[in-house]
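What follows is one structure encoded as structure tokens, with my remarks underneath.
Keep in mind that what you see is a predicted model, and the values were worked out from it rather than measured.
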Amino acid sequence: MYREKTIKELKEDLKEGKITADDLYGKSLRLAHYFQDDYNSFVTILDDTKVKERETLIGGIPYALKDNFSTTGILTTGSSNILKDYVPVYDATVYKKLKRAGATLVGKTVLDELAMGGTGTTGATGIVKNPWDKERMIGGSSAGSAAAVALGIVPFSIGSDTGDSVRKPAAFGGLVGFKPTYGRISRYGMFAFASSLDHVAMFTKTVEDAAIVTDILKGQDPLDMTTLKDDGKKYSELVTEEPKGKKLFYIKEICDKELYKDSKEVTEVLTKFHELLDKCRQEGFTIEEVSIDKDLLNAIYPTYMCISCAEATSNNANLTGIQFGPRGEGDSIEEIIFDARTKGFSELIKRRFVLGSFILQKENQDKLFLNAQRVRRLLVEKITELFKEYDGMILPASGGIAPKFTDSSEKLSDRYLLLENHLAIGNFGGFPSITIPYGMVEDMPIGLNITGRIKEDDEVLKLAYQVEKLTGYKGIYSKVGDIDV
């Protein structure tokens, strides 16, 4: 059955002649159209992609690409009305590498507008629904990319992760979501949200598939001065090896069941988390509890908002309606820009830009922006210090299952500030970080996150692969639709 197969399995089918790359593309295309009205994964579905079956790890394999990566001659909107007609004249490095490797692009996926959001509800073409339950969110901002893999339309997809935009939807969709070390994959041609936090990331069905995709994408890029030299390792060959250490820690203040005893859902998530830790210990892992100042942990969310909104305001200053998108009305440049931005951005984006402008005002920079950077440094220093003793950090990716569209979140509650925002630590420090499914609550998947030392992407993948074997949830996907093609 095509929908349940991994990259590795589909590649084996291609090699053995059981199927052709054209057949795979056709199956994926039919599924994309079949599910589009109900789940809204795609901004653009490409009905005429030229299939090239090449002898690479992903040659002939269909995939989906978040609509904030530049693709020559293909509509690239960032899911924003201000870019609704924008067609780039150059390729993002990620797209170029995938094309060179012979992967087949099926479509560009819906995101929260300009990648700012975690709900999958603010894209200009409509909300993205969770394949496990249409009344629930898949999360964001890489919502369409997550849904496309969870539906089995494609075996992998590309997203971007600035705070948790791949790893949280992976948890809500029963997927693997991997964000390598900052600079491991080029961001050239990816629309910048918050440049010091942005990472290219991916959704797959297994940890092994995440290693395969990373092998294709990693490497230094002269067009992105933040990229790292290729470490020369073949993650896809190393991932099944025993990691060099198995000593992990979790943070007491985030996983303390007493904090959430009034929530049956959170209690069940944490119970399953601790049960898995016990399984890991039985398999030779050392897993210990550590304590971090709760005030510092509570500062993760406001720190993220300060830095990301400030950087977003600067990065998106070029979206004026002059260079890109629908031209505004007015008798002066200022009036034209004001009209274009007022009509072109959603209320959420406008609020973030107003907040970012306020944070960057000269009189506010030290109190807000620079203080946020100081808190970021304190958090990164604390985690880096722990990584001297431990090989990784293991935590639930979320405090619960995917929320319903009708749910209201208590943004200042302990659950929201701690369990729902700690993944941003991986972006603050540029640490490699991966989410894998580890259980079900109320018939919905829940995810586990492992974060490790910078530049040790292979070790994080090895740890995740070992834990994945213990979960019993390898390669799951939503069987909604009861259809194969």
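Considering CG of Asp198 and OG1 of Thr226, their distance stands at 9.5 Å, rounded to 0.5 Å. In this structure, CG in Leu461 is found 11.0 Å from CD1 in Ile436, a value given to the nearest 0.5 Å. Note that the CZ atom of Arg281 and the CG atom of Leu276 stand 10.0 Å from one another [nearest 0.5 Å]. The distance from the CG atom of Asn318 to the CD1 atom of Ile82 is 9.0 Å, given to the nearest 0.5 Å. The line from NZ of Lys11 to CD of Glu9 is 14.5 Å long, rounded to the nearest 0.5 Å. Arg54 contributes atom CZ, which lies 14.5 Å from atom CG of Leu14 (distance to the nearest 0.5 angstrom).
A side-chain N or O of Tyr182 and one of Arg187 form a donor-acceptor pair less than 3.5 Å apart. A donor and an acceptor atom, one from each side chain of Thr104 and Lys52, are nowhere located under 3.5 Å apart. Judged purely by distance below 3.5 Å, without hydrogens or angles, the side chains of Asn68 and Ser160 pair a donor atom with an acceptor atom. For the residue pair Ser80 / Glu113, a side-chain donor-acceptor distance below 3.5 Å is found, with atom types taken as modelled. Thr109 and Ser41 share no side-chain donor-acceptor pair at under 3.5 Å. With no hydrogens or angles considered, no side-chain donor-acceptor pair links Tyr465 and Glu241 at under 3.5 Å.
For the pair Phe178/Phe203, no side-chain contact is recorded, criterion being any heavy-atom separation below 4.5 Å from C-beta on. A 4.5 Å side-chain heavy-atom check between Tyr2 and Leu10 finds at least one atom pair inside the cut-off. Looking at Ile307 and Ser196, their side chains come closer than 4.5 Å, going by heavy atoms from C-beta outward. Considering only heavy atoms from C-beta on, Phe405 comes within 4.5 Å of Ile127 through its side chain. Contact annotation: the side chain of Arg184 never approaches that of His199 to less than 4.5 Å [non-hydrogen atoms, C-beta and beyond]. The closest side-chain heavy-atom distance from Ile158 to Phe69 is below 4.5 Å. Looking only at side-chain heavy atoms (C-beta outward), Leu175 and Thr204 stay at 4.5 Å or farther from each other. Contact check for Tyr301 versus Met305: side-chain heavy atoms found under the 4.5 Å cut-off.
Checked by atom type and distance alone, the side chain of Asp112 never pairs as donor or acceptor with a backbone atom of Gly123 at under 3.5 Å. Between the side chain of Asn40 and the main chain of Gly126, a donor-acceptor pair closer than 3.5 Å is present. When atom types are taken as modelled, the side chain of Thr56 and the backbone of Gly59 share a donor-acceptor pair closer than 3.5 angstrom. Formation of a donor-acceptor pair under 3.5 Å by the Ser236 side chain with backbone atoms of Ile212 is not found in this model. Within the 3.5 Å criterion, the main-chain N or O of Pro396 finds a donor-acceptor partner in the side chain of His422. Here the side chain of Arg3 pairs a donor or acceptor atom with the backbone of Leu151 at under 3.5 angstrom. A donor-acceptor distance shorter than 3.5 angstrom exists from the side chain of Thr227 to the backbone of Asp221, with no hydrogens or angles considered. Within the 3.5 Å criterion, the main-chain N or O of Ala312 finds a donor-acceptor partner in the side chain of Asn316. Under the 3.5 Å distance criterion, the side-chain polar atoms of Ser79 are matched with a main-chain donor or acceptor of Leu111. Distance alone, capped at 3.5 Å, places no donor-acceptor pair between the Arg167 side chain and the Ala397 backbone.
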(request) Determine, step by step, whether Ser433 and Asn449 satisfy the side-chain hydrogen bond (donor to acceptor under 3.5 Å, both in side chains) criterion, reporting the C-alpha distance in whole Å, the side-chain angles of both residues, the deciding distance to 0.1 Å, and the verdict. (result) CA-CA 7 Å; Ser433 183; Asn449 182 261; 3.0 Å; yes
(message) Go through it in stages, so that I can follow the logic: the residues are Ser141 and Lys66, the test is side-chain hydrogen bond (donor to acceptor under 3.5 Å, both in side chains), and I'd like the CA-CA distance, side-chain angles, deciding distance and then a yes or no.
(response) CA-CA 10 Å; Ser141 62; Lys66 192 174 180 178; 2.8 Å; yes
(message) Apply side-chain hydrogen bond (donor to acceptor under 3.5 Å, both in side chains) to residues Thr162 and Asn427 and explain how you reach the verdict.
(response) CA-CA 6 Å; Thr162 304; Asn427 302 83; 5.7 Å; no
(request) Any chance you could lay out the side-chain hydrogen bond (donor to acceptor under 3.5 Å, both in side chains) test for Thr76 and Thr71, step after step, and finish with the verdict? (result) CA-CA 7 Å; Thr76 304; Thr71 46; 3.0 Å; yes
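Between Gly429 and Ile454, the shortest heavy-atom distance links the atoms O-CG2, 3.4 Å. Taking all atoms of both residues into account, the shortest heavy-atom contact from Tyr188 to Tyr90 is OH-CD1, 3.5 Å. The two residues Asp458 and Leu238 make their nearest non-hydrogen contact at OD2-CD1, 4.3 Å. Taking both residues in full, the closest heavy atoms of Val467 and Cys280 are given as CG2-SG, 4.1 Å, listed atom of the first, atom of the second, then distance. Looking at every heavy atom in both residues, Tyr25 comes nearest to Asp47 through OH-C, 3.1 Å. Nearest heavy-atom pair, Leu319 versus Leu114, reported as atom, atom and distance to 0.1 Å: CD1-CD1, 3.9 Å.
Between Glu381 and Arg377 there is a salt bridge, since a side-chain N of the basic residue sits under 4.0 Å from a carboxylate O of the acidic one. One finds a salt bridge joining Lys244 and Glu456 here, because a Lys/Arg side-chain nitrogen approaches an Asp/Glu carboxylate oxygen to under 4.0 Å. Under a 4.0 Å N-O distance rule, the pair Asp133/Lys404 does not qualify as a salt bridge. Salt bridge annotation for Asp457-Lys233: absent, with no cationic side-chain nitrogen under 4.0 angstrom from a carboxylate oxygen. Contact check on Lys8 versus Asp209 returns no salt bridge, with no Lys/Arg side-chain nitrogen under 4.0 Å from an Asp/Glu carboxylate oxygen. Salt bridge annotation for Asp67-Lys108: present, with a cationic side-chain nitrogen under 4.0 angstrom from a carboxylate oxygen. The pair Glu242-Lys462 does not count as a salt bridge, with every side-chain nitrogen at least 4.0 angstrom from each carboxylate oxygen. A salt bridge links Lys5 to Asp13: at least one charged side-chain nitrogen sits closer than 4.0 Å to a carboxylate oxygen. Under 4.0 Å is where a charged nitrogen must lie from a carboxylate oxygen, and between Glu420 and Lys168 at least one such pair does.
More than 12 heavy atoms of other residues, nucleotides or ligands sit less than 6.0 Å from atom NZ of Lys469. More than 12 non-hydrogen atoms from other residues, nucleotides or ligands lie less than 6.0 angstrom from NZ of Lys99. The number of heavy atoms from other shown groups lying within 6.0 Å of CD (Glu16) is above 12. Atom CD of Glu135 has 12 or fewer neighbouring heavy atoms from other residues, nucleotides or ligands inside a 6.0 Å radius. Within a 6.0 Å radius of NZ in Lys247, more than 12 heavy atoms belonging to other residues, nucleotides or ligands are found. For Lys246, the NZ atom sits in a packed shell: over 12 heavy atoms of surrounding residues, nucleotides or ligands are nearer than 6.0 Å.
Within the cation-pi definition used here (under 6.0 Å to the ring centroid, within 45° of the axis), Lys218 qualifies as a partner of Tyr235. The cationic atom of Lys134 (NZ for Lys, CZ for Arg) lies less than 6.0 Å from the six-membered ring centre of Tyr39 and within 45° of the ring axis.
Below 30°, between 30° and 60°, or above 60°: for Phe428 and Tyr304 the angle between ring planes is between 30° and 60°, a tilted geometry. Ring pair Tyr86/Phe191 is tilted by interplanar angle, where 30° to 60° counts as tilted. Using a 30° and 60° split on the angle between ring planes, Phe387 and Phe431 fall in the perpendicular class, above 60°.
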